[in-house]
Each structure stands twice: as structure tokens, then as C-alpha cells.
2 protein chains.
Amino acid sequence: MAQRGTKRGNARVQLVDTALDLFDRHGFHAVGIDRILSEAGLAKMTLYHHFDSKEALIVEALAKRDAAFRAQFAAAIAGAGAGRAELLAMFDAIEAWTREPSFRGSLFDKAAAEYGEKDHPVKKAVLAHKAWLFGEVRRAAAASGAADPVKLAAELFLLVEGAVLAAAVTGDRSAARRAKAAAETLIAAAL
Amino acid sequence: MAQRGTKRGNARVQLVDTALDLFDRHGFHAVGIDRILSEAGLAKMTLYHHFDSKEALIVEALAKRDAAFRAQFAAAIAGAGAGRAELLAMFDAIEAWTREPSFRGSLFDKAAAEYGEKDHPVKKAVLAHKAWLFGEVRRAAAASGAADPVKLAAELFLLVEGAVLAAAVTGDRSAARRAKAAAETLIAAAL
DNA sequence: TCGGTGTTAGACAGGTCCGTCTAGCACGAT
DNA sequence: ATCGTGCTAGACGGACCTGTCTAACACCGA
């Protein structure tokens, strides 16, 4: 049994982190709360004190992953300038991510696969994440001087999504690099 | 209760079709065999007479979906010529598919999300499907006269994957059309 | 009409699911 | 040191999971 939290309030963090890892590895429905609690060394009531339900835990886990992703993404493209350079830096960021040994695909894609109902809280979290990511691409595309920046952004977004999916499913770790190459062609044609 | 099969051997087909529909709507782990049997109006032993396990049913369901997809895909691109026209016809095929009211995303992407282990039979079925699809793109790219057909195929494949994913997750039904526009740019640059 | 074959119904078993319960721990303030 | 409070442990409940069992059904050829 893992040592119990030495500080108050650590349990919640431990819970979310453990859940995040297990959901990522095995999926949401496949992982029961008993397994999360066992792995985290915590008890049932600890979970239900902090969260109303397993679903609430999932939503919070996705929120944490979303925040971490945004921060990592922002840091990765911070060095680049605006416009074209920033767009290309995004593909570098995706490549760096997909090459991490811990990369197991987008947790949001997995969540979307398991929770397809439009009004489901989990699906809403997925859509919010996707909308933000597309917004980032659109913002950078707008500063690239492209004739039709929204069209360019939409095309590049498809490349990003495709690269992440291909890297996750087939394990193709060079997908992001090839997506970048395609992006360079699309950007050049869009100016 | 649904009327029992009037012909012998209809049960197996009914089973696979019902499972396919439910897996597509709710996911693999979320759908129990009891639900499938209830919906199909069949009994437990009927399932376990035809299949060794739920997993075997999943694999057969994916095989049927794979076969149907290949047939539909082949029919959709049959009219087009070879090379560039065939590549573009593929995007039309994807668009037609994603615009079907019954479109709920790629069942293979969902399967990959729930069964991530490399050696899992379900994952193997997913990889076989993806490998075939990429092979189709590569074959057409090879006949397009591109300087580096494999590179072109890889880039177009990412667009296909991205379009299907975007259509499934965000419900963006014009994703495939934009993927086609991007593909035209990439093909033009690859010649 | 009768027997044999292949399929089906529904109960059952053992495990796990999510969520709730009571009881009691460990800590901060006084 | 004692009290009060926030948090936690582990048992429990009812529902559901996958897979197995017995018993009997419907249909075939003879």
C-alpha cells in the first residue's frame, strides 16, 4: 500500500494523476474506481469526498491534462516568431510530444471514442480542448499573411489531428515530421 | 422479443450486425453481451455457440466492417482513372461517408482507443485495416507521377485520417472537402 | 411417425462495477 | 493535554459483467 498522504489535500492530486495514467493506458470504461484507488493507495470515501462520481473524476482528469497540454504547447512555440514560423513550431511541438516514450495518443481522442453523446460532460471537455487547439492554429494562421487564413488553419488542423492519430494508432513516430513537410507546402501555396 | 430466426444460421449475422451497431454507438467496453443479445432477441448460448468469447465477436464485427468499408471504398473510386484522379476520388469517398447520417466515426479508431496493447487481437485488426487503407493511397500515389510517391501518400494519408477524426469528434461534415482541397495542393506540389 | 441433430432459453456462478455506509483515524486549535 | 473537525478505512449493497450449465426446443431424413 502506498504511504498515505503526508499532507492534507494530496489525495486529490494523487487520485487525478493515477486516474490519468490508468485511463490513458487502458481506457475509461475499462478502468474501475477500485483499480484507481488500489493503485493510488486510497479508499473509496476519499474519492467520493472529493468527487461526486467517476464521471466527475474523468472530467477533472481531462481538465488537468488539458491544462498541461496547453502549457507545454505554449512553451514549445514561445520561441518562434509569429505567423509561418509559429505554425511550423506547432508541428515541432507535436513531433516532440509524439516522440516522448510516454506518448500514448491524445486522451481527448480516446475520450471522444468512448463518450460520443454530444451533451455528455466528457464529450464537452473534448470539444473545448479541440476548439482551443484549432483556435491556436487559426490565430497563428491569421498572422501568417495567408490569403485565406481560416482555410489554411483548417487544413493544417487536419494535418495535426492526422499526425497525432497516426502516431497513436500505428506508432508511426515520424508522422508529425511528415505533417510538417506537408504544412510547409500548404503554407507556401496559401501566401 | 424479436422473432426468432426463421432460417438456421441467421442468428450469427443478426448477432454481428447488432453488435456492430451497439459498439459503434456506445463503445466496446460499455456494451455488454447481455445488451447485444437482448437487442438481437437471442440467447446467451447462441452467442457462445458461434463465438468463443466477446472478444471473438468484436474481431468478427470489425472484420465485417472492414470488408464493407473496402467494398464501398472500391466502388466509390472505381469510376475515377488512375493517379491524381483516383487520389481525389478517395477524398470524395471519405466525404460521402462522413456525410452519411449514420456516420459515427471510424470504428477502428474507436477500437484502437479502447484496445491499445500491440498484441491484442482487436488492435491487430485495426492495424490491418489501417495498413490496407494506406496501401490504397500509396498505390494511387505511385500512379500519379509524383517525384516521391511514398512521401505524397504519407501526407495524404494524414489528411484522410485527420478528416475522418475531425468529422467524428467535432461533427464537422466539411472536413473531408477541405482535406481534398489540401490534397490538391500537395499533389500539385509533388509532381 | 419416430429418432437424431443442431440450435435455443433461461437459470446460475464468480467476479467486478459504482456508490454508500459506519466507524474511527490524524490533525489543528485551545 | 484535550477537544473538535476534516478526512479516511474497509465492509456492504444492488446491479451488471462474462461465461457455463441443464433442459428442451424445432427441424431433418427415414
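Because only heavy atoms are used, hydrogens play no part in the values below, and waters and symmetry mates are left out as well, while side chains stay in. Each chain gets a letter, A, B and so on, in the order its sequence line appears, and its residues count up from 1.
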Legend entry - Minimum-distance nucleotide to B:Ser53 side chain [options: D:dG19, D:dG10, C:dT8]: D:dG19
Inset, instruction - Consider the side chain of A:His49, meaning its heavy atoms from C-beta on, and name the nucleotide among C:dG19, D:dT8, D:dT20 that approaches it most closely. - result: D:dT8
Inset, instruction - For this output row, return yes or no: ring centroids of A:Phe69 and A:Trp97 closer than 6.0 angstrom. - result: yes
Legend entry - A:Trp132 ring center within less than 6.0 Å of A:Phe73 ring center: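 Judged by ring-centre distance (under 6.0 Å), A:Phe73 and A:Trp132 do meet the cut-off.
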Legend entry - For B:Ala189 against A:Thr185, the heavy-atom pair lying closest together: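 Looking at all heavy atoms of both residues, the closest pair is CB-CG2, 3.3 Å.
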Inset, instruction - Check A:Glu136 against A:Met90 and note the closest heavy-atom contact, atom names and distance. - result: O-CE, 3.3 Å
Rounded distance in Å - [atom1] ([X]) to [atom2] ([N]):
{"X": "B:Arg35", "N": "C:dC17", "atom1": "CZ", "atom2": "P", "result": "19 Å"}
{"X": "A:Gln14", "N": "D:dT8", "atom1": "CD", "atom2": "P", "result": "12 Å"}
{"X": "A:Met45", "N": "C:dC21", "atom1": "CE", "atom2": "P", "result": "9 Å"}
{"X": "B:Leu37", "N": "D:dC16", "atom1": "CG", "atom2": "C1'", "result": "14 Å"}
{"X": "A:Asp34", "N": "D:dG13", "atom1": "CG", "atom2": "C1'", "result": "13 Å"}
{"X": "B:Ile33", "N": "D:dA15", "atom1": "CD1", "atom2": "P", "result": "19 Å"}
{"X": "A:Tyr48", "N": "D:dA9", "atom1": "OH", "atom2": "P", "result": "16 Å"}
{"X": "A:Ile58", "N": "C:dG19", "atom1": "CD1", "atom2": "C1'", "result": "14 Å"}

Inset, instruction - Report yes if a donor N or O on one partner sits less than 3.5 Å from an acceptor N or O on the other, where the partners are the side chain of A:Lys44 and the base of D:dG10; otherwise report no. - result: no
Inset, instruction - Report whether B:Phe23 and B:Val169 are members of the same hydrophobic cluster (ILVMFWY, side-chain heavy atoms less than 4.5 Å apart, transitive linking). - result: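 Yes, same cluster.
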Legend entry - Toward the 5' end of DNA chain D, by each residue's nearest nucleotide, A:Leu47 or B:Asp52: A:Leu47
Legend entry - A:His50 side-chain N/O to D:dT8 phosphate OP1/OP2 under 4.0 Å: yes
Inset, instruction - Give a yes/no answer on whether the side chain of B:Thr46 brings an N or O atom under 4.0 Å of OP1 or OP2 in C:dT8. - result: yes
